[in-house]
2 protein chains.
Amino acid sequence: MTDLHIDGQRLWRSLEELGRVGAYTDERTGLIGVNRLALTAADGDGRRLVKRWFEEAGLAVRVDAIGNCIGRREGRDPSKAPVMAGSHIDSVPTAGRFDGCLGVLGALEVVRTLNDARVATERPLEIAFFTDEEGCRFGTDMLGSAVACGRLPLERALGLCDKDGKRAGDELRAIGFSGDHPARLAPPRAYVECHIEQGPILAAAGMDLGVVTGVQGISWWELTIAGRAAHAGTTPMRLRRDPGLAAALINVRLDEMARSGRYGAEMRATMGRIDPRPGLVNIVPSQVVCTVDLRNPEDADMAAAERDLFAYVKEIETRLGVTVEARQTARTPRIRFSPDVQAVIARQMERAHLRFETILSGAGHDAQELSALCPTAMIFVPGEHDGISHNPREYSTPEACARGVDVLLHTLLELGAT
Amino acid sequence: MTDLHIDGQRLWRSLEELGRVGAYTDERTGLIGVNRLALTAADGDGRRLVKRWFEEAGLAVRVDAIGNCIGRREGRDPSKAPVMAGSHIDSVPTAGRFDGCLGVLGALEVVRTLNDARVATERPLEIAFFTDEEGCRFGTDMLGSAVACGRLPLERALGLCDKDGKRAGDELRAIGFSGDHPARLAPPRAYVECHIEQGPILAAAGMDLGVVTGVQGISWWELTIAGRAAHAGTTPMRLRRDPGLAAALINVRLDEMARSGRYGAEMRATMGRIDPRPGLVNIVPSQVVCTVDLRNPEDADMAAAERDLFAYVKEIETRLGVTVEARQTARTPRIRFSPDVQAVIARQMERAHLRFETILSGAGHDAQELSALCPTAMIFVPGEHDGISHNPREYSTPEACARGVDVLLHTLLELGAT
């Protein structure tokens with residue numbers, strides 16, 4: 001069985017074909033990116049394509065109440081808990097072709113390989129794509145897997161609204177993926193996700209692959225800063241209460257904090273959204289809504305960074321005469337994956353004579369939700385261009401992708417054998 | 001004739017009635033503001049109301065090719081150049097009831113007063129509201145008066161587009177104010193505009209009114225800052241090229257510059273628009289479009305501020321690895337109003353035993369365009385709440401408004417007498 005290999009070219013063709021759904025050309029660079037924001041028409045198109053592929057691979061496909069799509073390949077003992085693999089196919093609006101898709105199409109390639117070789121497994125094998133992993137549209141990431149694994153109540157998830165006030169539940173129905181299967185997932189035997197690293201570490205170290213030990217802590221905040229709209233030409237500086245300036249000062253401070261090393265060497269901080277109202281050239285804004293994305297591999301460092309950030313926010317409130325309302329939109333502590341599943345993954349990499357190391361994920365993944373339900377770990381595939389991601393330049397070589405999925409195959413075979 | 005007075009209550013009722021067109025309730029404060037952004041349906045409603053009032057006051061009304069609306073009260077000698085008064089009725093999206101409207105409805109109140117008293121003037125009297133003084137929508141302020149007075153070609157003005165790509169010319173037609181009268185204005189004898197101060201100076205000095213000596217220099221820039229979109233969780237700080245951080249640093253620097261005193265005590269600087277793309281919590285933006293509004297009473301100080309600002313922008317480009325494209329969207333040097341018209345205005349104030357002083361306008365006004373065509377000056381009416389403007393809290397008392405318009409009446413009478 002160890003000489004069984006996935007078909008890297010077939011995997012690559014699937015990645016390319018799915019990458020054409022929601023493709024767009026970046027105006028400035030001319031690069032072709034992907035925009036399949038969750039529960040949009042493009043996401044619907046992508047879902048239908050992958051669901052069809054699941055069915056063509058002979059899987060029994062179910063869609064649950066939060067739109068997660070799960071395909072089942074029966075095991076010799078259908079009563080045993082399945083081994084599971086998957087990821088997501090929704091994307092940020094400026095994405096490449098690999099984020100999430102590699103895990104889903106890699107799992108599909110495993111099924112196709114087992115079918116071609118007529119290999120039966122003792123346990124059933126289930127492969128899945130989960131709804132709205134990115135969280136860009138409804139403000140909460142890992143939406144589908146969080147509901148499936150019990151962190152988020154279904155009704156709350158369905159009731160989330162996007163910027164335009166559109167409900168997730170309505171949008172799910174609109175694209176035809178509001179399924180009738182219960183969203184809560186029965187615990188699988190194990191969950192394994194193959195994903196691009198989305199960072200520079202593995203490539204810089206000359207590694208073929210990485211065994212993911214867990215996910216760094218993530219904290220998202222939405223700040224609503226209220227000041228006072230005023231005429232830009234006539235209002236003296238000393239009479240202003242400018243929430244745009246407050247957001248700018250916070251943004252500058254976040255950068256200083258992350259680079260200072262005071263909160264560990266790996267702290268990251270981003271202000272991705274800044275939305276001044278009315279947002280016009282000659283008006284001091286009355287209000288700014290902005291977001292803060294904090295990451296840290298150590299929970300204690302994260303807590304210290306948040307404490308110091310909000311002390312600074314207090315200072316800004318006093319100094320600028322603005323008020324800041326902070327709302328936590330997502331927070332996950334450092335996640336630790338199953339040492340057992342990590343060991344199974346590492347064994348396959350050793351057997352294939354690959355160079356690999358353990359790595360902590362900088363990004364959140366569906367696997368962190370699944371890890372609350374069952375033994376879980378991930379395989380990371382290195383990326384080119386410093387591992388740039390959420391960008392049309394995101395790229396992993398066909399060889400790297402095939403290596404990662406080959407390890408996924410043998411990991412699932414071992415976990416599903418007994 | 002010196003005992004002739006305008007009807008302050010009638011003026012106030014007109015201000016209130018026009019203020020109900022485009023009214024909205026501010027969510028946070030509960031205050032009622034005005035949103036009659038240029039060439040929107042609400043602006044059309046306001047225009048139709050005021051045009052009807054012009055007609056009911058017996059004026060011969062013409063609408064020109066850029067939508068300026070001018071009402072003429074015939075003089076004893078119709079061949080003489082008219083004296084003119086006016087302002088604008090378009091608003092910023094978060095406005096009060098006074099900005100612009102006081103000058104238009106004040107001029108209308110002058111006509112009504114002359115009608116009631118059966119006073120004829122030697123010269124014709126023309127009163128006007130000009131199109132899109134605010135410049136919020138199409139990026140160029142004083143749009144209508146700039147075309148009427150020759151600074152801006154008609155075709156260029158009609159071809160300007162708003163954020164959604166809608167052409168000014170089309171929007172003008174849509175609200176029914178694309179007139180057939182030529183836009184270029186024959187030079188009047190003089191132009192006088194009564195306007196709220198939109199600043200704290202007159203009230204703080206205990207003045208009833210101000211004689212405006214001119215307008216400070218204005219410089220508007222649109223900065224397009226290009227960086228690189230990247231994953232907020234995985235991209236190390238050192239690999240980022242964050243245009244949002246660049247905009248924040250520029251915003252902070254603008255505030256420091258304006259408060260430093262190095263560019264005169266009256267420099268003002270505002271970043272009113274900040275538009276990161278894609279503008280999502282977990283993505284380092286690929287691009288930010290932001291605006292810079294600079295004001296300075298001294299052209300040399302303005303030039304120094306611009307020079308130092310762009311030196312800093314260059315520094316930011318190098319330090320952050322971003323590129324900044326700067327586009328000037330408006331620029332007017334310091335404007336000096338006619339000493340003769342200022343003297344006529346001051347004489348009326350003295351005669352009425354008012355406390356007044358000369359003042360330089362912090363905001364741009366249609367009067368600055370007219371001043372290129374004919375002797376021009378302005379009357380400023382003080383505002384409450386530190387003269388806050390472009391805000392629902394904008395307020396001048398009925399008494400202050402009546403005082404300003406009374407001076408307008410007698411100024412126009414004197415200028416129109418010979």
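Below, read A as the first sequence line, B as the second, and so on, with proteins coming before strands; counting in each chain starts at 1.
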Exercise. Starting at CG of A:Leu249, measure out to CG of B:Leu249 and round the result to the nearest 0.5 Å.
Key: 10.0 Å
Quiz item: Which answer fits B:Met271, side chain, backbone, both or neither, if we ask what part of it has an atom under 4.5 Å from a heavy atom of chain A?
Solution: backbone
Quiz item: Under a 4.5 Å heavy-atom cutoff, which of B:Gly279, B:Gly135, B:Pro392 has the most pairs with chain A?
Solution: B:Gly279
Exercise. Apply side chain to side chain contact (heavy atoms under 4.5 Å, CB included) to the pair A:Glu27 and B:Gln287, showing each step before the final yes or no.
Key: CA-CA 12 Å; A:Glu27 277 177 40; B:Gln287 181 189 279; over 6 Å; no
Exercise. Return the option, out of B:Gly362, B:Gly233, B:Pro200, with the maximum number of heavy-atom pairs under 4.5 Å with chain A.
Key: B:Gly233
Exercise. Could you have a look at B:Pro276, B:Pro285, B:Gly199 and say which one has the most heavy-atom pairs with chain A under 4.5 angstrom?
Key: B:Pro276
Practice problem: May I ask you to decide if A:Ala230's main-chain N or O and B:Asn391's side chain share a donor-acceptor pair within less than 3.5 Å? | Solution: no
Exercise. Measure from the side-chain N and O atoms of B:Arg273 to the backbone N and O of A:Val281, and report whether any donor-acceptor pair falls under 3.5 Å.
Key: no
Quiz prompt | Verdict with reasoning, A:Asn282 to B:Glu134, per side chain to side chain contact (heavy atoms under 4.5 Å, CB included) | solution = CA-CA 8 Å; A:Asn282 59 345; B:Glu134 295 292 358; 3.9 Å; yes
Quiz item: Measuring from B:Thr291:OG1 to A:Leu280:CG, what's the distance to the nearest 0.5 Å?
Solution: 8.0 Å
Quiz item: Pick from B:Ala229, B:Gly364, B:Ala269, B:Ala247: which one has the most heavy-atom pairs with chain A under 4.5 Å?
Solution: B:Ala229
Quiz item: By a 4.5 Å heavy-atom criterion (distance strictly below it), what part of A:Thr94 contacts chain B: side chain, backbone, both, or neither?
Solution: side chain
Exercise. Dump the intermediate steps for side chain to side chain contact (heavy atoms under 4.5 Å, CB included) on A:Arg240 and B:Arg268, then the final yes or no.
Key: CA-CA 11 Å; A:Arg240 297 184 175 203; B:Arg268 280 159 202 155; 3.8 Å; yes
Practice problem: For B:Arg259 and A:Met237, indicate whether the former's side chain and the latter's backbone hold a donor-acceptor pair under 3.5 Å. | Solution: yes
Quiz item: Looking at B:Cys136, B:Ser286, B:Ser361, which has the largest count of heavy-atom pairs under 4.5 Å with chain A?
Solution: B:Cys136
Practice problem: For residues B:Pro93 and A:Ile283, determine if any side-chain heavy atom of one lies less than 4.5 Å from a side-chain heavy atom of the other. | Solution: yes
Quiz item: Side chain, backbone, both or neither: which part of B:Ile388 has a heavy atom under 4.5 Å from chain A?
Solution: side chain
Exercise. For chain A, find which of B:Val288, B:Leu254, B:Thr329, B:Thr235 contributes the most heavy-atom pairs closer than 4.5 angstrom.
Key: B:Thr235
Quiz prompt | From A:Leu245 atom CG to B:Asn251 atom CG, the distance as rounded to the nearest 0.5 Å | solution = 5.5 Å
Exercise. Give, as side chain, backbone, both or neither, the part of A:Arg393 having an atom under 4.5 angstrom from any heavy atom of chain B.
Key: side chain
Practice problem: Using non-hydrogen atoms and a 4.5 Å limit, figure out which bit of A:Leu239 sits close to chain B: side chain, backbone, both or neither. | Solution: side chain
Quiz item: Within a strict 4.5 Å, meaning less than it, do heavy atoms of the B:Thr234 and A:Glu197 side chains meet?
Solution: no
